[in-house]
Novice: 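The structure is given below, and queries will be raised subsequently.
Only a predicted model underlies this, so the values are computations on that prediction, with no experimental measurement involved.
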Amino acid sequence: MWEWCADWWGTDHPTGPVRDPAGPATGPGKVMRGGSYLCHDSYCNRYRVAARTRNEIGSAGGNTGFRCARDAD
């Protein structure tokens, strides 16, 4: 499933290696990563962890979700 991320969508990215870069302060939607069971080779090439897209806040679907994570203590 597509996974909602906390970052806002943006297309300006830093060049060179950057560790945990900050996303833009605002944007047209929130980042979603991954892909979903609805993806098929004939119309979707994003069935992979590195894939990114965006969607508007408040939109929902059976192929999107989120996970909770925390820093290890």
Novice: By side-chain hydrogen bond (donor to acceptor under 3.5 Å, both in side chains), which residues pair with S59, not counting sequence neighbours?
Specialist: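 Residues passing side-chain hydrogen bond (donor to acceptor under 3.5 Å, both in side chains) with S59: N55.
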Novice: Would you mind listing every side-chain hydrogen bond (donor to acceptor under 3.5 Å, both in side chains) that reaches into residues 6-34, with sequence neighbours excluded?
Specialist: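 Non-adjacent pairs meeting side-chain hydrogen bond (donor to acceptor under 3.5 Å, both in side chains): E3-R33.
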Novice: Does P17 have any side-chain contact (heavy atoms from CB on, under 4.5 Å) partners at least two apart in sequence or in another chain, and if so, which?
Specialist: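 Testing P17 for side-chain contact (heavy atoms from CB on, under 4.5 Å), a comparison that skips the adjacent residues, returns none.
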Novice: Is there a path of hydrophobic side-chain contacts, each under 4.5 Å between heavy atoms of I/L/V/M/F/W/Y residues, joining W4 to W2?
Specialist: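 Same cluster.
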Novice: According to a 4.5 Å side-chain heavy-atom criterion applied to Ile, Leu, Val, Met, Phe, Trp and Tyr, with indirect links allowed, do M32 and F66 form part of one hydrophobic cluster?
Specialist: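 Yes: a chain of side-chain contacts under 4.5 Å links M32 to F66.
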